[in-house]
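Throughout, a chain's letter reflects where its sequence line sits, starting with A, and its residues are numbered from 1. No hydrogens, no waters, no symmetry mates; every other heavy atom, side chains included, goes into these values.
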Number of protein chains: 2
Amino acid sequence: MAGPQELDSRIIKALRGRGYKATPQRIAICRFALYSHKHPTAQRIYSEVKKAYPTVSLATVYNTIQILKDIGLLQEVCLSRDETRFDPNMEPHAHLVCLQCSSISDWRSPLILEIMKNVATEAGFMPKGQNFDIFGLCKNCSKSHIAISPSTR
Amino acid sequence: MAGPQELDSRIIKALRGRGYKATPQRIAICRFALYSHKHPTAQRIYSEVKKAYPTVSLATVYNTIQILKDIGLLQEVCLSRDETRFDPNMEPHAHLVCLQCSSISDWRSPLILEIMKNVATEAGFMPKGQNFDIFGLCKNCSKSHIAISPSTR
DNA sequence: GTATATGCAAATGTTTTGCATCATG
DNA sequence: CATGATGCAAAACATTTGCATATAC
């Protein structure tokens, strides 16, 4: 397991390696965006970083997000017009988005890669990336759903 | 094949059946949103309908889109923050989004349903809907890509 | 010391809302 | 003819931009 200071030095290395300055605000933003495992929104990152740096601006948050996208460490997950989230998991995977509690969890499946292969061989489409969102009820919420309305159909 | 007037009467039936009035603007909007096969944006629908109804407003377009979503004839496809499109194909399918020519085509695959089944049995997640976008180069664009830069890697 | 990043405020673009007028059923 | 829809303008948001000041290297 990587400790906090080890994560920070990874971040600093990644930024400097691409010619970006490793400012404290940027490091804090990267820490949350890359390692919080929360699929955060820009606002959420902003609120979080504000605790340590009260004068930080949304412009800086967006600027840093853009850098992370450019260097391939973060991708956008656009669930709906007003629900843009960011995801540091760059491997092909699906998001299980709970319509009740709004939780988002990652789901890895070899079938995703298989679909992308099929698309290439059968449609001549050359895939570069993907975003797969599955909307429904998570394990917890579907339990309580059954408990509350057992005869719904 | 359904003729234009047959499509219109389907639309009118769908609207009235749910207690909505079938105004000419609404019919024109539905016609384009449901049958143009273009995955249009709200602006695109607006421009198109403006040709026949120059005073139509974006508010009416959004209002009608909302109705179509409510009655299950249309869904949102959020490709990125400034690329919200609408899709009348309510069957599970993927979108092949070309990064070069911006074309979007539908891709049906039984593997998508299989993934949704796996998610249910293995993660206890009860899927209600999905959105799967695959970004890359379409058949045409990948051809010209190869032609222009044969040794790229 | 210099180039770059920050934070603020203003601008942008999409979607939503309020309301008086108008058209559908 | 009553209810609900339209079109306009203004409001609400997230995101981007411009610029003077501050900071990293």
Student: Take atom CG of B:Leu15 and atom P of C:dA23, then tell me their distance rounded to the nearest Å.
Tutor: 19 Å

Student: Could you check how far CD1 of A:Ile27 sits from C1' of D:dT23, rounded to whole Å?
Tutor: 13 Å

Student: Distance check needed: D:dA12 P versus A:Gln43 CD, whole Å only.
Tutor: 16 Å

Student: Using ring pair (Phe, Tyr, Trp, His ring centres under 6.0 Å) as the criterion, list what pairs up with B:Phe86, not counting sequence neighbours.
Tutor: none

Student: NZ of A:Lys139: more than 12 outside heavy atoms within 6.0 angstrom?
Tutor: no

Student: Rounded to whole Å, please give me the gap between CZ in B:Phe86 and P in C:dT14.
Tutor: 12 Å

Student: With DNA chain C as reference, determine whether B:Asp82 or B:Ala22 sits nearer its 5' end, using the nearest nucleotide of each.
Tutor: B:Asp82

Student: Without decimals, in angstroms, what is the distance between A:Tyr46 OH and C:dT6 P?
Tutor: 14 Å

Student: Have a look at A:Pro24 and say if it touches a base, only the backbone sugar-phosphate, or nothing, with a 4.0 Å heavy-atom cut-off.
Tutor: sugar-phosphate

Student: Does atom NZ of B:Lys38 have more than 12 heavy-atom neighbours from other groups under 6.0 Å away?
Tutor: no

Student: In a check of side-chain contact (heavy atoms from CB on, under 4.5 Å) between B:Pro92 and each of B:Leu111, B:Ile115, B:Ile112, which one passes?
Tutor: B:Ile112

Student: Assign each of B:Ile12 and A:Lys50 to its nearest nucleotide of DNA chain C by heavy atoms, then name whichever residue's nucleotide is nearer the 5' end.
Tutor: A:Lys50

Student: How many whole angstroms separate atom CG of B:Leu58 from atom P of D:dA9?
Tutor: 13 Å

Student: Describe the nucleic acid contact of A:Thr41 in one word from base, sugar-phosphate, nothing, applying a heavy-atom distance below 4.0 Å.
Tutor: nothing

Student: Identify, with sequence neighbours excluded, every residue that meets ring pair (Phe, Tyr, Trp, His ring centres under 6.0 Å) alongside B:His93.
Tutor: B:His95

Student: Can you measure B:Gln66 atom CD to C:dT17 atom C1' for me and round it to whole angstrom units?
Tutor: 14 Å

Student: Using OP1 and OP2 only, check whether a side-chain N or O of A:Arg16 sits under 4.0 Å from D:dC25.
Tutor: yes

Student: Under the 3.5 angstrom rule, does the side chain of B:Arg85 hit a backbone N or O of B:Leu79 as a donor-acceptor pair?
Tutor: no

Student: Can you build the contact string for nucleotides 1-6 of chain D? Use B for base contact, S for sugar-phosphate-only contact, and - for no protein heavy atom under 4.0 Å.
Tutor: --BSSS

Student: Under 2.5 Å between the SG atoms of B:Cys101 and B:Cys138?
Tutor: no

Student: Grab the CZ-C1' distance between A:Arg18 and C:dA3 for me, whole Å please.
Tutor: 20 Å

